[in-house]
Amino acid sequence: MEMGKMKQRLDENKKLKTEKAEESKDGLLENTSSSAFLEKRKREKQRRESKKSEKKRKRQSMSNADEKKGEADQDDVYCISSGDDDCSKGMKKWLTEYHKARPGLKVLQQRIDEFIIDHEEKLEQRRKEREALAAEGGWTVVTHHKGRKKTTDSETGVTVGSVAQAAVEDKMSKKKSKEVGPDFYRFQRRDAQRSGRWNNLMRPRFEYNLTTATIQGYISSLANKHYLLCHCTTKMASNQKLIVEVVDARNLLPKDGHGTSSPYVVIDFYGQRKRTHTATRDLNPTWNEVLEFNVGKPSNVFDDMLELDVYHDKNHGPTRRNNFLGRIRLSSTQFVKKGEEALIYYPLEKKHLFSWIHGEIGLRIFYQDELPPPPPPPPAPPAEPPAEEKKEETKPAAEENQEEAKTEAQPAEQEKSGEPIPEPSKEPNEGTPPAAAEGAAEPPSADTAPAPVQVEKPPESNPPPPPAEEPPQEAADESQGEPPAAEAEGDQPMQEPDDEGSDIVLEPPSNKWGPSTPIFETMASAVSGSVPEVKAAGGMNGPQPITRPVAPSTTTSYALESQESTSIERSSFDLVEKMHYLFVRVVKARFLPTNGNPVVRIAVSSSRVQSKPARKASSFFEWDQTFAFGRDAPDSSSILEVSVWGSHGPKSLSDMASLPSNFLGGICFDVTEIPLRDPPDSPLAPQWYRLEGGGAHHGDLMLATWVGTQADEAFPEAWKTDTAGSVHSRAKIYLSPKLWYLRASVLEAQDIMSAPTLKEATFQLRAQLGFQVQKTKATTSRNGFPSWNEDLLFVAAEPFSDELVLTLESRQQKGAVTIGMVRIPLTAVERRVDDRTVAARWFSFEDPNGEKKVRYKGRVQLRLCFDGGYHVMDEAAHVCSDYRPTARQLWKPPVGTIELGIIGCKNLLPMKTVDGKSCTDAYCVAKYGPKWVRTRTVCDSLDPKWNEQYTWKVYDPSTVLTIGVFDSSGVFELEGDKSATRPDFRIGKLRMRVSTLETGRVYRSTYPLVTLASNGVKKMGEMEVAVRFVRTTPTLDFLHVYSQPLLPLMHHIKPLGVVQQEMLRNTSAKIIATHLSRSEPPLRREVVLYMLDVDSHAFSMRKVRANWFRIINVIASVIDVARWIDDTRVWKNPTSTLLVHALMVMLVWFPDLIVPTLAFYVCVIGVWNYRFRPRQLLPHFDPKLSLADGIDRDELDEEFDTVPSVRPPDTVRARYDKLRMIGARVQTVLGDFATQGERVQALVTWRDPRATGIFVGLCFVVALILYLVPSKMVAMAFGFYYFRHPIFRDRMPSPAMNFFRRLPSLCDRIM
């Protein structure tokens, strides 16, 4: 019975599933509109509920029948007699729990039905919410159903073989039209909202009797402005594209089952996917296709990675899918601009761990700028329609928009109330351009459109009077004191920035040297990077001028209060000390009664400075100069005086009283009221101030003053009190030129005609690039076809403006004869980044005298290329600051940054004498990688303070940062003075290795500046710096750098010789010195050469001894171990000897413990030395290690001698004799090493037959013993014999040592 019920329920479930499937099929033909879809879902729900009710009735009838049958058979089911009704224990308890856990099929089915109904209702509710959200956004919901594809009749839209015809027609009749309304899509509603906002915004602007002509004139002016803006931006801007040239691939995997593959390439960049054609059945395919990609802005969706995948095409071969052949991922930072690209072969990478991939692909990737076409000119405004048409057009507009009628009724109400109404015909609105105002009076036509220049020119709201005539006092007061009517109302829009300065604020006039009464006016404070904000404020935004004191008062020292200091935000200069400066920026002046070039004098504390003469621009006198006065001095005054003088100003500030006619006016400020500013605060806007004290003249001076620090953006270009205002004393950052190795492979020459009398001729090719000259070997040829096959290496710097000049010379008895010359521009030379072979080219020789009509002189075959895979050395390898290759495509991401804070120096020695006074003008230079930094020059100070901070990117931790201090000779240079050619003297130098710095720790210390001169070691002073290294990569990636080669791959594939590398390094240093010496301000040649250690490899007897002691230091630990073993062997410490015996027994019987024991011993040594690690000072120059303390004067003089020597012959002869004595000692040591080696060879060469016989026989006996006796026993016996007690030991040398010393050597055969 129960089985039958189960089958019946299964059949019912199958019917339900089939009905749902049919319903899902019917859903494919339903209309996608929301109303029809909801009606359909309602009908389905009603039908489903009716079916469920029928099922419930059937189940209830069946359950009633079962209950009746169960009552009939009640005696046969679970009849247990029990004397009591206790169900807490026994079989009764188990049966009750069983019945409770299994209530029956009816209850279970009811629970399942309720759960399914609730679940379907939740799904239906979620679907309705999603559809409602999608309908609000203007989207059409399309439901996709899985199943086989159906064919649809083209005329009726009936799906053939799916549902009945009547049902389809019924559904088709209920479909709605597919016409899309004006607010169906989201962007339509958004545009409508924007237009509504614009209408509401512009309605108050045009409510004062604006005609159609006025609106047309305003639209035409906007169109011309838009055209000018677009046209200018298209000239300046350009669309940047990424060009990927897919050249070929090599050694791909076979994937088609026949030993080949049909590969194609797919590239993805910023969401753009492009592919190449398929190379059919080729494991080394060649595509030579160029793919272009648009370069977008940084995005959170698409990263700046270029992904390239290589696949096998499934259409070629028996495979059914596109098999993966490899991939590469490249960062956009590795790409270069057009002209620097090179063919690079990238190895293909795996997609996952178990992929089997090999091969490489060749690409050329570069950026290219593409100028877009200029936009079309703006269309002409339409002609003015007749008056009748205007009325007809305005009527429906008023009916549709009732809000405009309300706003038009507002002026009438104002007229009734008596309020004045501005007339736009007399004075144009501030928000309306001038073209619109003109159009109100006369409507422009298409032919008379306003010119772009006229549109861009702003109106002068307040034109100044001519400088020759003095304006009346009342007129000046009215023009300056009263704001215009257009500016007085707060509801007017902002005016466009004026060409003369958009951030000016007019100062109210004043007839007295005192503070004026502030009035309320509109001020526009210019904020960097934002639109000027219009706000109403009382008085001025800047400091108020104060009344000039009659008698000079005592100046008080300036000190920042606690509230003022806390208002300054923390600057980025966190490694150095803050230095406060008073900044004064003088911009321009107006209404000055002079026709010359006035100057500005600024006096604060003991500093007095005069600006450069002003330049006349229209009616203004412009300076645009910034001054910075130090505020850390104890004598800092609280009064700032700014005065303007005529073209012939006073020589000093004390001459002001004697020359009143040249004084044009001045201003005084209280320094304590000047605002404090520190980045990232926006710069202060300059303001107009009335000049006072100039008599009847009242000029205006625009300036800004604030108190800031050295982090201010105006500080680098400002005049400073500690630099004496010299142009050469500014802090600057320099970049070394990009250097390349130019490899010129000279192969052969042809058709070289030599002298007819000579049967054989010797040819030599001479190559010259700038000051670099190299020659090939001389080659003899009989037929005029010489061959060399030599590589010549040069150093070239970008931009490539030089030419490679090759000259063919014939070596004869009278001298070299030039046969021909070849000039090759460097811009035509190919670039490479690996060791691939470059195609050779033939170049014809030209006449060396420049004559064009000469006969053919032969040709030469060359292979030219720029090797970008090398690192061009400009520093010594052990102190190098960068190991990256020249080609940017091979650069790896940085691993961190290093921050250097140059604080200052102390106790410097005077370096020169100027005007009878000893002084030092110190500046600092730091170099890391291609970036050089130079601090400002602090004049006439033995304790200079710079407090400047710089940052570099670190690509390899095993690099060195170099810091040097120099004395400038360009601060007090005079024309015609001999000291003008004096070089900048060295004060000292520091070096810091990045790998010795801990991550995130600040090292701030004072280091001595020591210089080695011809008179010995001299301490020049002390330098205080702070340095910090910050790691930017994960720890594992940073540690992985230590396992990578130091130099690029090309240095290992084609290494350069030591002599050749040193020659190229000196050449690079000279090129960099020449390049930086042409900068402004220049970085002098002697400074660059000193920082690069060009003369570090010169001969020095002091360095020879220092290196020898370094070797002794290295092997000192080995010597100590040998001494300890010898002491143990002679039982100097019996306890130690016994412990060594026990350790020897353990290691002999357990040899597997030898290597772990050694490793553990080294680990213990490292942990023990951790206690003695350097904690404060970083390693710097050590005079003791350099043996510079007790050096001989003659050796120092020899070290500083040039090559060739310029010393007297007697001195040179004495040095040569000394060198001969040292050479004799070295000769003896080398002979001893050779003797010992030859004795080892004599053991088996039978040079001494008896000695060789003894050695061979002894070896045979030892072999037999080791074959018969275990090796552990032999090792044990040898160990006990070696460490035997001294009472069993003889004082004479051992027999083995005596036997070795008797062996013969070849020293007796040397003459």
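Here, residue 1 is the first one in the sequence, and each next residue gets the next number. Just so it is clear, the values below take in all heavy atoms, side chains as well, and ignore hydrogens, waters and symmetry mates.
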Enquirer: For Asp1126, is there an ion pair with Arg1123 - N to carboxylate O distance below 4.0 angstrom?
Expert: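 No, Arg1123 and Asp1126 are not salt-bridged.
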
Enquirer: Would you call Arg1028 and Glu899 a salt bridge, taking side-chain N to carboxylate O under 4.0 Å as the test?
Expert: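 Salt bridge: yes.
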
Enquirer: Between Lys1054 and Asp791, does at least one N-O distance fall below 4.0 Å, as a salt bridge requires?
Expert: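 Answer for the salt bridge query: no.
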
Enquirer: For atom CZ of Phe1172, decide whether the heavy atoms of other residues, nucleotides or ligands shown that lie under 6.0 angstrom number more than 12.
Expert: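 It does: Phe1172 CZ has more than 12 such atoms within range.
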
Enquirer: One pair to check against salt bridge (Lys or Arg N to Asp or Glu O under 4.0 Å): Glu1238 and Arg1309. What are the steps and the verdict?
Expert: CA-CA 12 Å; Glu1238 290 169 352; Arg1309 301 185 185 182; over 6 Å; no

Enquirer: Would you give the length of the straight line joining atom CE of Met1101 to atom CD of Glu1199, rounded to the nearest 0.5 angstrom?
Expert: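 Output value for this atom pair is 10.5 Å.
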
Enquirer: So Ile733 and Trp932, do their side chains get closer than 4.5 Å, heavy atoms only?
Expert: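 Not in contact.
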
Enquirer: Does this structure show an ion pair linking Glu948 with Arg936, if we count only N-O contacts that are shorter than 4.0 Å?
Expert: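 A salt bridge is present here (some side-chain N lies under 4.0 Å from a carboxylate O).
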
Enquirer: Salt bridge or not for Arg884 and Asp882, using N-O below 4.0 Å?
Expert: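 Result for this pair is yes, salt bridge flagged.
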
Enquirer: Between Phe771 and Lys1070, is a side chain to side chain contact (heavy atoms under 4.5 Å, CB included) present by the stated rule, with each step listed?
Expert: CA-CA 10 Å; Phe771 62 89; Lys1070 293 178 182 178; 4.1 Å; yes

Enquirer: If every non-hydrogen atom of Leu1009 is compared with every non-hydrogen atom of Cys905, which pair is closest and at what distance?
Expert: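 Reported closest heavy-atom pair: CD1-SG, 4.2 Å.
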
Enquirer: Out of Asp984, Thr937, Thr723, Asp967, which one pairs with Tyr923 under the side chain to side chain donor-acceptor pair (under 3.5 Å) rule?
Expert: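 Running side chain to side chain donor-acceptor pair (under 3.5 Å) over Asp984, Thr937, Thr723, Asp967 with Tyr923 returns exactly one hit, Asp984.
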
Enquirer: Any carboxylate oxygen within less than 4.0 angstrom of a Lys/Arg side-chain nitrogen, looking at Asp1194 and Lys1218?
Expert: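 Salt bridge between Asp1194 and Lys1218, a charged N being under 4.0 Å from a carboxylate O: no.
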
Enquirer: Say you draw a straight line from CG of Leu1230 to CZ of Arg1225; how long is it, rounded to the nearest 0.5 Å?
Expert: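 Separation between the atoms: 14.0 Å.
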
Enquirer: Can you give me the closest heavy-atom contact between Lys953 and Tyr928, atom names plus distance?
Expert: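 Heavy atoms only, the tightest pair is O-CE2, 3.5 Å.
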
Enquirer: Any chance you could lay out the side chain to side chain contact (heavy atoms under 4.5 Å, CB included) test for Val960 and His878, step after step, and finish with the verdict?
Expert: CA-CA 9 Å; Val960 176; His878 60 281; over 6 Å; no

Enquirer: Would you say Thr962's side chain and Met1091's backbone share a donor-acceptor pair under 3.5 angstrom?
Expert: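 Such a contact is absent between Thr962 side chain and Met1091 backbone.
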
Enquirer: Check whether any side-chain N or O of Ser969 sits under 3.5 Å from a backbone N or O of Arg982 as a donor-acceptor pair, and report yes or no.
Expert: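 Yes; judged by distance alone, with no hydrogens or angles, the pair exists.
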
Enquirer: Keeping Glu1086 on the side-chain end and Val1088 on the backbone end, is there a donor-acceptor pair under 3.5 Å?
Expert: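 Not at all, since once roles are kept as given, no pair shorter than 3.5 Å links the two residues.
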
Enquirer: With rounding to the nearest 0.5 angstrom, report the CZ to OG distance, Arg1105 to Ser1100.
Expert: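 If I round to the nearest 0.5 Å, the distance is 8.5 Å.
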
Enquirer: For residues Phe800 and Phe866, establish whether the separation of their ring centroids is below 6.0 Å.
Expert: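 Yes, the ring centres sit under 6.0 Å apart.
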
Enquirer: Would you check if Ile1071 and His1075 make a side-chain contact, meaning some heavy-atom pair closer than 4.5 Å?
Expert: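 Sidechains of His1075 and Ile1071: no contact.
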
Enquirer: Strictly distance-based, threshold 3.5 Å: is any side-chain N or O of Gln764 a donor or acceptor partner for the main-chain N or O of Thr776?
Expert: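 The answer is yes, because a donor-acceptor pair under 3.5 Å joins these two groups.
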
Enquirer: Check for a donor-acceptor pair, side chain of Lys775 on one end and backbone N or O of Lys777 on the other, with a separation under 3.5 Å.
Expert: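 Not confirmed, Lys775 side chain does not pair with Lys777 backbone.
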
Enquirer: Taking atom types as modelled, find out whether Tyr741 and Thr886 have a side-chain donor-acceptor pair closer than 3.5 angstrom.
Expert: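 Per modelled atom types, Tyr741 and Thr886 side chains form no pair under 3.5 Å.
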
Enquirer: Determine the interplanar angle of the Phe1038 and Tyr1042 rings, folded into 0 to 90°, and report it as parallel if under 30°, tilted if 30 to 60°, perpendicular if over 60°.
Expert: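 Ring orientation of Phe1038 relative to Tyr1042: perpendicular.
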
Enquirer: Is there a side-chain contact between Trp946 and Met579 (heavy atoms, below 4.5 Å)?
Expert: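 Not touching, per the 4.5 Å side-chain cut-off.
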
Enquirer: For Thr920 and Met911, indicate whether the former's side chain and the latter's backbone hold a donor-acceptor pair under 3.5 Å.
Expert: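 Pair found, side chain donor or acceptor close to backbone of Met911.
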
Enquirer: Is the shortest side-chain heavy-atom distance between Leu1012 and Leu1196 below 4.5 Å?
Expert: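 Answer yes - side chains close enough.
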
Enquirer: Nearest heavy-atom pair of Gly901 and Val576: which atoms, and what distance?
Expert: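 Nearest pair, atom of Gly901 first, then Val576: CA-CG1, 3.6 Å.
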
Enquirer: Between the main-chain N or O of Asp943 and the side-chain N or O of Asn907, is there a donor-acceptor pair closer than 3.5 Å?
Expert: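 No: the side chain of Asn907 does not pair with the backbone of Asp943.
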
Enquirer: So, applying side-chain contact (heavy atoms from CB on, under 4.5 Å) with Val1087, which one of Leu1092, Leu1076, Val925 is it?
Expert: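 Only match with Val1087 under side-chain contact (heavy atoms from CB on, under 4.5 Å): Val925.
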
Enquirer: His1051: which residues meet the side-chain contact (heavy atoms from CB on, under 4.5 Å) condition with it, sequence neighbours left out?
Expert: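 Listed in chain order: Tyr870, His871, Leu1047, Pro1048, Gln1061.
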
Enquirer: Output yes when a side-chain donor or acceptor of Gln710 lies under 3.5 Å from a complementary backbone atom of Glu577, and no otherwise.
Expert: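 Flag set: sc Gln710 to bb Glu577 pair under 3.5 Å.
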
Enquirer: Within the structure provided, determine whether Ser1079 and Lys732 are in side-chain contact (heavy-atom separation under 4.5 Å).
Expert: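 A side-chain contact under 4.5 Å is absent here.
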
Enquirer: Could you state the interatomic distance from CG (Leu1056) to CE (Met1063), rounded to the nearest 0.5 Å?
Expert: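 Leu1056 atom CG to Met1063 atom CE measures 9.5 Å (nearest 0.5 Å).
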
Enquirer: Would you indicate whether the side-chain heavy atoms of Leu1185 and Phe1109 approach each other to under 4.5 Å?
Expert: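 With C-beta onward as the side chain, the pair stays apart.
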
Enquirer: If you count the non-hydrogen atoms of other residues, nucleotides and ligands that lie under 6.0 Å from OH in Tyr1170, is the total more than 12?
Expert: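 Open: at most 12 neighbouring heavy atoms sit under 6.0 Å from OH of Tyr1170.
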
Enquirer: Please determine, by modelled atom types, if Arg1110 and Asn1107 share a side-chain donor-acceptor pair under 3.5 angstrom.
Expert: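 The criterion, which ignores hydrogens and geometry beyond distance, is satisfied for Asn1107 and Arg1110.
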
Enquirer: What is the distance from atom CG of Asp940 to atom CG of Asp722, rounded to the nearest 0.5 Å?
Expert: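 Atom-to-atom, Asp940:CG and Asp722:CG are 11.5 Å apart.
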
Enquirer: Measure from the side-chain N and O atoms of Tyr1003 to the backbone N and O of Glu998, and report whether any donor-acceptor pair falls under 3.5 Å.
Expert: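 Pair found, side chain donor or acceptor close to backbone of Glu998.
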
Enquirer: Answer yes or no: is there a side-chain heavy-atom contact under 4.5 Å between Leu997 and Ile898?
Expert: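 Yes; the side chains approach each other to less than 4.5 Å.
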
Enquirer: Side chains of Pro737 and Ile1072: does their closest heavy-atom pair fall under 4.5 Å?
Expert: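 Yes; the side chains approach each other to less than 4.5 Å.
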
Enquirer: Test Ser1068 against Met873 for side chain to side chain contact (heavy atoms under 4.5 Å, CB included), laying out the working first.
Expert: CA-CA 7 Å; Ser1068 303; Met873 289 280 189; over 6 Å; no

Enquirer: Mind running side chain to side chain contact (heavy atoms under 4.5 Å, CB included) on Leu1083 and Lys927 for me, showing each step along the way?
Expert: CA-CA 12 Å; Leu1083 201 58; Lys927 195 260 182 187; over 6 Å; no

Enquirer: Between Tyr883 and Leu1046, which heavy-atom pair has the shortest distance, and what is it?
Expert: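 Scanning both residues completely, I find the closest heavy atoms to be CB-O, 3.3 Å.
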
Enquirer: Can you name the nearest heavy-atom pair linking Pro1081 to Tyr734, along with the distance?
Expert: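 That would be O-OH, 2.6 Å.
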
Enquirer: Looking only at heavy atoms, what is the nearest atom pair of Thr913 and Ser918, with distance?
Expert: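 Closest heavy-atom pair between Thr913 and Ser918: OG1-OG, 3.9 Å.
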
Enquirer: Crowded around Trp1108 CH2? As in, over 12 foreign heavy atoms under 6.0 Å?
Expert: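 Result for CH2/Trp1108: open.
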
Enquirer: Using a 3.5 Å distance criterion without hydrogens, assess whether the side chain of Lys945 forms a donor-acceptor pair with backbone atoms of Val938.
Expert: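 Answer holds: no.
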
Enquirer: In Å, rounded to the nearest 0.5 Å, how long is the span from CD1 of Ile963 to CG of Leu900?
Expert: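 Reported value, rounded in 0.5 Å steps: 4.5 Å.
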
